[in-house]
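Ligands are counted one by one from 1 in listed order, and the atoms in each one are counted from 1 as well. For the single chain, residues carry numbers from 1 onward in sequence order.
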Amino acid sequence: MKPTSSAAARNELASDKAAALALTPVSRETERRLDRYIALLLEWQAKTNLVAPSTLPHLWTRHISDSLQLLDLAPEASFWVDLGSGGGFPGVVLACALAERPGAKVHLVERIAKKAAFLREAIRVTGSPGTVHLSEIGDIVEKWSGRVDCVTARALAPLHQLVGFAEPLVKKGAKALFLKGQDVDAELTESTKYWKIEPKLHSSRTGGQGWIVAIDCIERRS
Ligand SMILES: C[S@@+](CC[C@H](N)C(=O)[O-])C[C@H]1O[C@@H](n2cnc3c(N)ncnc32)[C@H](O)[C@@H]1O
């Protein structure tokens, strides 16, 4: 798909944007930031695979709304850590949405240099409160010293691994919010072999078979 060269593709994306903003409304300022982010993502997508090409016509509903819906599950959270940010979902979207909240900050952790470079550029062009860490997740979460209210991950790893990644941050008081697909029950069963957790499941507002797993407390089984 070549969205910028096709009027039909532009129209499709515009109607997808309208559907997404009806589902997860944002302020005018946030919408402008998200527009800049999407424009950059489409530019970079030609040289770096940031999202699955099949999802390009539905960038707003599949990726932007999917990310924005997390805000309602942690309305007071100002300090976020997004693990394995890739093309910026949900991290960059959250940073765009939190830009008007004084003092808010989103940390984005990504181990691939090219993707981290994209994330830095996305934070710059959107003027959002984000910091990109080019790092392995394991290296950074163990020595995290700042405040963290919420830790997120999407399309990163099976749930039992995500719980392990998030454990040091949840022990510091963070709530974990993981975006998961239809196999969430099997992933929860597997996770409880290794971890004592009391997850809350929220069905995704973006349709399909998606779930958000919210976890406030993590203890390793001995
Ligand atoms: C499939 S992508 C998902 C990206 C994004 N969260 C999304 O939903 O579109 C997973 C990303 O996590 C990064 N990643 C995987 N394991 C990681 C690790 N141990 N430390 C840091 N980044 C990691 C990968 O480089 C990749 O960019």
Participant: Run through all N or O atoms in ligand 1 and write down each protein N or O closer than 3.5 Å, as a pair with its distance.
Facilitator:
{"unit_1": "ligand 1", "atom_1": "6 (N)", "unit_2": "Gly84", "atom_2": "O", "d": "2.9"}
{"unit_1": "ligand 1", "atom_1": "6 (N)", "unit_2": "Phe89", "atom_2": "O", "d": "2.7"}
{"unit_1": "ligand 1", "atom_1": "6 (N)", "unit_2": "Arg154", "atom_2": "O", "d": "2.9"}
{"unit_1": "ligand 1", "atom_1": "8 (O)", "unit_2": "Phe89", "atom_2": "O", "d": "3.4"}
{"unit_1": "ligand 1", "atom_1": "8 (O)", "unit_2": "Arg154", "atom_2": "O", "d": "3.3"}
{"unit_1": "ligand 1", "atom_1": "8 (O)", "unit_2": "Arg154", "atom_2": "NH1", "d": "2.8"}
{"unit_1": "ligand 1", "atom_1": "9 (O)", "unit_2": "Arg154", "atom_2": "NH1", "d": "3.3"}
{"unit_1": "ligand 1", "atom_1": "19 (N)", "unit_2": "Arg111", "atom_2": "NH1", "d": "3.4"}
{"unit_1": "ligand 1", "atom_1": "19 (N)", "unit_2": "Glu136", "atom_2": "OE1", "d": "3.0"}
{"unit_1": "ligand 1", "atom_1": "20 (N)", "unit_2": "Ile137", "atom_2": "N", "d": "3.0"}
{"unit_1": "ligand 1", "atom_1": "22 (N)", "unit_2": "Arg111", "atom_2": "N", "d": "3.3"}
{"unit_1": "ligand 1", "atom_1": "25 (O)", "unit_2": "Glu110", "atom_2": "OE2", "d": "2.6"}
{"unit_1": "ligand 1", "atom_1": "27 (O)", "unit_2": "Glu110", "atom_2": "OE1", "d": "2.7"}
{"unit_1": "ligand 1", "atom_1": "27 (O)", "unit_2": "Glu110", "atom_2": "OE2", "d": "3.2"}
{"unit_1": "ligand 1", "atom_1": "27 (O)", "unit_2": "Lys115", "atom_2": "NZ", "d": "3.1"}

Participant: Please examine the side chains of Leu23 and Thr206, heavy atoms only from C-beta on, and report whether any two atoms are closer than 4.5 Å.
Facilitator: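 With C-beta onward as the side chain, the pair touches.
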Participant: Would you mind checking if Asp72 and Arg205 are paired as a salt bridge, meaning a charged N to carboxylate O distance below 4.0 Å?
Facilitator: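 Salt bridge flag = yes for Asp72 with Arg205.
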Participant: Has Asp149 got a side-chain atom pairing as donor or acceptor with Ala77's backbone, closer than 3.5 angstrom?
Facilitator: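 It does not hold such a pair.
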Participant: On the 0 to 90° scale, with breaks at 30° and 60°, tag the Tyr194-His160 ring pair as parallel, tilted or perpendicular.
Facilitator: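 Ring orientation of Tyr194 relative to His160: tilted.
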Participant: Between Arg36 and Val125, is there a donor-acceptor pair closer than 3.5 Å when you use the side chain of the first and the backbone of the second?
Facilitator: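 Between the backbone of Val125 and the side chain of Arg36 there is a qualifying donor-acceptor contact (under 3.5 Å).
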Participant: Does this structure show an ion pair linking Lys115 with Glu110, if we count only N-O contacts that are shorter than 4.0 Å?
Facilitator: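 No, this pair does not count.
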